[in-house]
Number of protein chains: 2
Amino acid sequence: MDLKQCKKTIDSGLNAGKFIIVIGKCVVKYEGRAASKLSEGDRALIIKKDGTFLVHQSKGMTAINYQGPGAAILTNFDSDNNKLSVSAVRKTKNSLPGNVREQIVVTFNTVNFADAFDLTDDKKLKVFGTEDELSNLLMQDLHLIEPGLLPVQQESPLAKGQIDILARDKNGAFVVIEVKRRQAELAAVSQLKRYVEEVSKKKNTTVRGILCAPSMSENAKKMLDNYNLEFYKLNYEISNPSAKIIGLEKKQKILGEY
Amino acid sequence: MDLKQCKKTIDSGLNAGKFIIVIGKCVVKYEGRAASKLSEGDRALIIKKDGTFLVHQSKGMTAINYQGPGAAILTNFDSDNNKLSVSAVRKTKNSLPGNVREQIVVTFNTVNFADAFDLTDDKKLKVFGTEDELSNLLMQDLHLIEPGLLPVQQESPLAKGQIDILARDKNGAFVVIEVKRRQAELAAVSQLKRYVEEVSKKKNTTVRGILCAPSMSENAKKMLDNYNLEFYKLNYEISNPSAKIIGLEKKQKILGEY
DNA sequence: GCGATCAGCGGCACG
DNA sequence: CGTGCCGTTGATCGC
């Protein structure tokens, strides 16, 4: 396909706020929070009306180079070398020292296909089985963990923050509960430990910490035991239009290890 | 575009291992590790030869629904309702209780465009300014942190694991160094704390912990101080074909807080 | 706008 | 294969 014509297709597509696709042999360069180079190969470039800019290779799920919404798109046809470059520039969100500007340049040597499409769609995705949903379900059924466990009301200034569930057990002790929708690993234990320390310090008392997850890695289990935190295996399903907690199973410390 | 013809285009594209693009009005359903529903709207579907399956809306950087490499693609034309469904099925990697199978179904009511392209490309992306690169650079210039700091050789069984850099200071004390390429937040401090505890326990001695990052959040700084860990502001640039450490600046504890 | 956390995180490297 | 962790993480929500 003629590169000059391709530039026209892209430009008018940008103007009309369309969904643009370009397929061809290109080189990609990126500079911003990091820098990258991708030597020549066949790729698909997607440009959305919000400035999203995606370079996809023939394999792999993630875009090999990209620019998020808000990027300004520029095209340039180099008639001397017969190359078409398409670039996207934006300001970096995360302030990194010195690098505020992010730029990605795709230089096409040949283009097999280029077109722009009218896509209008602002439907939102509804997801079931998120951690937030599981956490809310569990909050209403704390007795599944143990009798007498009661949630500390959200209104309490102490319940604010990032803690999934704050509760008190039958003895009145504070219990921090962290819910994970998938296997809990070291980071999850660190996180729970941090919350427990925080509440413990604020209330100047001993605080229990409970991790609820479908499973735990071995190392995470060891670390949990070291910190005297508790683990409950969380069984749930998402078959319905929403998630459902099937049950919670207490996992005791493994003692026989010497 | 005729849906029956579209099915043919997709099927032969799949057969030939091509890069397939379908644009049209569709509904998307997903069930697997979680579940989701996306009501009717215009979207672009991309299918790669490795089974990658991406549904993109007109805005936003990330695919609204997806399936990673390895998915099996199936097409079905429902002549009664004149609908074309394209689905992708694969086994979940992360073992979640009960849900091993992941399925995404895209049901098209109308299709504006469908074609398959020959994309061959196995070039690898070269990235500069990764944490790994910065860590390696720093390892060779530990004096930038303080005189007398020497790396513990990689061969040592103690240096194994996930610790970025393990060193000894001029007094012979172990120093765990964690490098972050962007602002360090609470999780980074938790991580460093964990490493310090680990080494401390293994060597049965006091261990220092140093966090090197371009910046830190306020809460992270407080937590760092609480744990008696140290922070060095890491200045670097990535202008060259590789990254370059400009300098390290010690950030003292904030004492005047009472 | 910053910051803390989740994500169907994905991807990689190492045991 | 699990698992730990980085990522130009992105996206979201609360402050």
Side-chain angles (χ1 to χ4, degrees), chain A residues 30-36 52-53 60-69 71 88 90 92-96 99 101-104 124-125 127-135 160-164 178-191 194-195 215-220 223 238, chain B residues 30-36 52 60-69 90 92-96 99 101-104 124-125 127-135 160-164 178-188 190-191 194-195 215-220 223 238:
Chain A
Y30 160 75
E31 235 183 82
R33 284 170 288 179
S36 73
T52 296
F53 190 95
M61 196 182 130
T62 54
I64 192 72
N65 275 114
Y66 57 88
Q67 199 78 262
R90 67 165 173 170
T92 306
K93 268 181 207 125
N94 299 20
S95 57
L96 221 50
N99 266 315
R101 175 195 161 93
E102 297 213 277
Q103 178 175 295
I104 167 171
K124 296 289 178 198
L125 184 72
V127 189
F128 311 102
T130 61
E131 176 184 309
D132 192 56
E133 187 184 4
L134 292 174
S135 176
K160 289 287 172 71
Q162 310 86 333
I163 293 172
D164 282 350
E178 175 65 29
V179 180
K180 289 294 169 200
R181 70 177 309 283
R182 58 172 180 167
Q183 173 166 287
E185 314 214 332
L186 290 172
V189 181
S190 283
Q191 188 186 15
R194 175 150 43 91
Y195 296 157
S215 62
M216 278 191 85
S217 72
E218 274 311 305
N219 277 340
M223 186 176 165
I238 45 180
Chain B
Y30 159 75
E31 236 183 81
R33 285 170 288 180
S36 74
T52 296
M61 194 181 133
T62 54
I64 193 71
N65 274 114
Y66 57 87
Q67 199 76 264
R90 68 164 171 169
T92 306
K93 268 182 208 124
N94 298 19
S95 58
L96 221 49
N99 266 315
R101 174 193 161 96
E102 297 214 275
Q103 178 175 297
I104 168 170
K124 296 288 178 198
L125 184 73
V127 188
F128 312 102
T130 60
E131 176 186 308
D132 192 57
E133 188 184 5
L134 292 174
S135 176
K160 288 291 173 67
Q162 312 85 332
I163 293 171
D164 283 351
E178 175 64 29
V179 180
K180 289 293 168 201
R181 71 178 307 283
R182 58 172 180 167
Q183 173 166 286
E185 314 215 331
L186 291 172
S190 282
Q191 189 185 13
R194 177 149 44 88
Y195 296 157
S215 63
M216 277 191 86
S217 72
E218 273 311 305
N219 278 339
M223 186 176 164
I238 45 180

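When reading the values below, keep in mind they use all heavy atoms of this one structure, side chains included, and skip hydrogens, waters and symmetry mates. Treat the numbers as computed from the prediction; the structure is a model and nothing was measured. A, B, ... follow the sequence lines: proteins, then strands. Residue 1 opens every chain.
dG10(D) and dC6(D) have their P atoms separated by 16 Å, with the value rounded to a whole Å. With P as the reference atom, dG8(C) and dA4(C) are 22 Å apart, rounded to whole Å. The gap from the C1' atom of dG7(D) to that of dA11(D) amounts to 14 Å, rounded to the nearest Å. Going from the C1' atom of dA7(C) to that of dG11(C) covers 14 Å, rounded to whole Å.
Separating the CD1 atom of Ile163(B) from the C1' atom of dC6(D) is a distance of 16 Å, rounded to the nearest angstrom. Rounded to an integer number of Å, the gap from CD of Gln67(B) to P of dG10(C) is 9 Å.
The side chain of Glu178(A) lies closest to dC6(C), out of dC9(C), dG10(D), dC6(C). Listed nucleotides: dG10(C), dT8(D), dT3(D). Nearest to the side chain of Tyr66(B): dG10(C).
For Ser217(A) and dG4(D), the shortest distance from a side-chain N or O to OP1 or OP2 is below 4.0 Å. Using a 4.0 Å cut-off, no side-chain N or O of Arg33(B) falls inside it from OP1 or OP2 of dC6(C). In this model, the phosphate group of dG8(C) is not approached by any side-chain N or O of Arg90(B) to a distance below 4.0 Å at OP1 or OP2. Between dA11(D) and Thr62(B), a contact under 4.0 Å exists linking OP1 or OP2 to a side-chain N or O. Side-chain nitrogen and oxygen atoms of Tyr195(B) include none within less than 4.0 Å of the OP1 or OP2 phosphate oxygen of dG4(D). OP1 or OP2 of dT9(D) has at least one side-chain nitrogen or oxygen of Arg182(B) nearer than 4.0 Å. Considering only side-chain N and O atoms, Lys180(B) lies nowhere under 4.0 angstrom from the phosphate OP1 or OP2 of dG7(D).
A salt bridge links Glu102(A) and Arg90(A); the closest N-O separation between the charged side-chain nitrogens and carboxylate oxygens is under 4.0 Å.
When side chains are defined from C-beta on, Glu178(A) counts as touching Gln191(A), because their heavy atoms get closer than 4.5 Å. Using a 4.5 Å cut-off on side-chain heavy atoms (C-beta onward), Val189(A) and Arg194(B) make no contact.
Residue side chain Gln162(B) does not reach the base of dG4(D) through any donor-acceptor N/O pair under 3.5 Å, judged by distance alone. Side-chain atoms of Glu131(B) and base atoms of dG7(D) include no donor and acceptor less than 3.5 Å apart. No hydrogens or angles were tested; on distance alone, nothing pairs the side chain of Asn219(A) with the base of dT3(D) as donor and acceptor under 3.5 Å.
When each of Ser36(B) and Ala184(B) is assigned the nucleotide of DNA chain C bearing its nearest heavy atom, the one mapping closer to the 5' terminus is Ala184(B).
Residue contacts for Glu133(A): at a heavy-atom cut-off of 4.0 Å it reaches no nucleic acid atom on any strand shown. At a threshold of 4.0 angstrom between heavy atoms, the contacts of Asp132(A) with the nucleic acid are absent.
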